[in-house]
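Have a look at the structure below, then the notes.
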Amino acid sequence: MMAQFGNEEDYNKQLINRFKHSPEPEIIIVVDKLLTGFDAPRNAVLYLCKTLREHSLLQAIARVNRLHEGKEFGYIVDYANILGELDQALNLYEEFEGYDEKDIEGTLTSIRSEIDQLPQDYSHLCDLFKQIKNKNDEEAYELFLADEAIREEFYQRLTAYAKTLAIALSSECFFIATPKEKIDMYRRELKKFETLRSSVRLRYAEKINYWEYEPKIKNCWIHRSGQTMLFS
């Protein structure tokens with residue numbers, strides 16, 4: 001590394017810059033580094049493997065608490081069993097100058113509480129279509145979603161369900177506590193409703209499926225001013 005980068009400072013600087021802006025490296029392992037002055041909003045997972053307390057713990061959590069496009073949550077994997085220290089750390093935070101309770105509101109949510117939300121989000125989604133008697137009638141679903149307000153409600157409920165299911169599927173405890181048949185059902189239902197969303201968006205002209213027109217475009221010859229042009 002020294003032959004490639006010259007010195008440790010340049011090595012650290014380039015490595016951190018690649019972590020922030022490039023696909024690789026995907027993970028950095030550090031000891032007593034990058035707790036302050038390190039801002040990488042795309043960083044989504046923090047693995048805690050050593051004891052941290054008070055300010056250091058809050059600073060560590062803040063590393064994955066930045067907003068970024070496509071990032072729903074920051075995930076904390078606590079191998080050191082130290083998140084019980086969080087209450088004390090948050091109490092100390094109140095002593096900081098300029099403290100605002102909203103700054104730390106909802107700082108930490110247990111993944112179990114998100115998993116417990118899954119059946120409710122699924123039922124909430126299905127309840128929207130409770131008046132449809134034949135659950136295999138795709139046309140009935142699409143006609144029911146002709147109303148724009150109902151479609152928007154469908155999109156919101158589906159997004160909530162998909163997000164909660166994604167969180168559940170990222171957790172080992174979900175697979176331990178949930179029968180495989182039920183997990184498969186959740187996945188099938190997600191695929192079904194996502195297919196429905198794509199269908200109604202096309203049906204009610206919310207988006208254009210360009211792939212549908214690709215073969216026609218490739219064979220579209222335009223004769224103009226004595227010239228022939230092929231669009232492909």
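The shown structure was predicted, so the numbers you read here are calculated from the model rather than taken from an experiment. All residue numbers refer to positions in the sequence shown, counting from 1.
Residues Tyr47 and Ile29 form no side-chain contact, since every pair of their non-hydrogen atoms from C-beta on lies 4.5 Å or further apart. Between Leu190 and Leu158, the closest side-chain pair of non-hydrogen atoms falls below 4.5 Å. Proximity of Leu169 to Ile183: side-chain heavy atoms (C-beta onward) are separated by under 4.5 Å at one or more points.
Taking the charged nitrogens against the carboxylate oxygens, Glu114 and Lys163 have no contact shorter than 4.0 Å, which rules out a salt bridge. Comment: Arg151 does not engage Asp147 in a salt bridge, judged by the lack of any side-chain N to carboxylate O separation of less than 4.0 angstrom. Remark: Glu139 engages Arg203 in a salt bridge, criterion side-chain N to carboxylate O under 4.0 Å. Lys33 has a carboxylate O that lies under 4.0 Å from a charged side-chain N of Glu8, or vice versa, which qualifies the two as a salt bridge. Here Arg66 pairs with Asp39 in a salt bridge; the nearest charged N to carboxylate O distance falls below 4.0 Å.
A donor-acceptor pair is defined here as one N or O able to donate and one able to accept, closer than 3.5 Å; such a pair exists between the side chain of Arg63 and the backbone of Phe38. With hydrogens and angles ignored, the 3.5 Å screen pairs a side-chain donor or acceptor of Ser198 with a backbone N or O of Glu194. No donor-acceptor pair closer than 3.5 Å links the side chain of Ser123 to the backbone N or O of Gln120. A distance-only check finds no donor-acceptor pair linking the side chain of Lys20 to the backbone of Leu15 [under 3.5 Å].
No continuous path of hydrophobic side-chain contacts links Leu118 to Ile176 [ILVMFWY only; heavy atoms under 4.5 Å]. Under a hydrophobic clustering in which Ile, Leu, Val, Met, Phe, Trp and Tyr are joined whenever their side-chain heavy atoms come within less than 4.5 Å, directly or via other members, Val30 and Leu46 fall into different clusters. Hydrophobic cluster membership differs between Ile76 and Ile28, with clusters built from Ile, Leu, Val, Met, Phe, Trp and Tyr side chains linked at under 4.5 angstrom.
Remark: Ile27 CD1 is packed, more than 12 non-hydrogen atoms of other residues, nucleotides or ligands lying under 6.0 Å away. Annotation: Lys13, atom NZ; neighbour count of heavy atoms from other residues, nucleotides and ligands within 6.0 Å does not exceed 12. Enclosure of atom OH in Tyr11 is not indicated, since only 12 or fewer non-hydrogen atoms of other residues, nucleotides or ligands lie within 6.0 angstrom.
In terms of heavy-atom proximity, Cys49 sits nearest to Ala80 at C-CB, 3.9 Å. Here the closest heavy-atom approach between residue Glu142 and residue Ser199 is recorded as OE2-CB, 3.4 Å. A pairwise comparison of heavy atoms in His68 and Pro41 identifies CB-O, 3.4 Å as the closest pair. Here the closest non-hydrogen pair linking Phe19 and Pro25 is CD1-O, 3.4 Å. Nearest heavy-atom pair, Cys173 versus Ile115, reported as atom, atom and distance to 0.1 Å: SG-CD1, 3.6 Å. Between Ala44 and Val64, the closest heavy-atom pair is C-CG1, 3.8 Å.
Listed by first then second residue, pairs satisfying ring pair (Phe, Tyr, Trp, His ring centres under 6.0 Å) with a partner in residues 159-183 read Tyr122-Tyr161, not counting sequence neighbours.
Checking each of Lys182, Glu181, Arg187 against Met185 for a side-chain contact (heavy atoms from CB on, under 4.5 Å) leaves exactly one that passes, namely Lys182.
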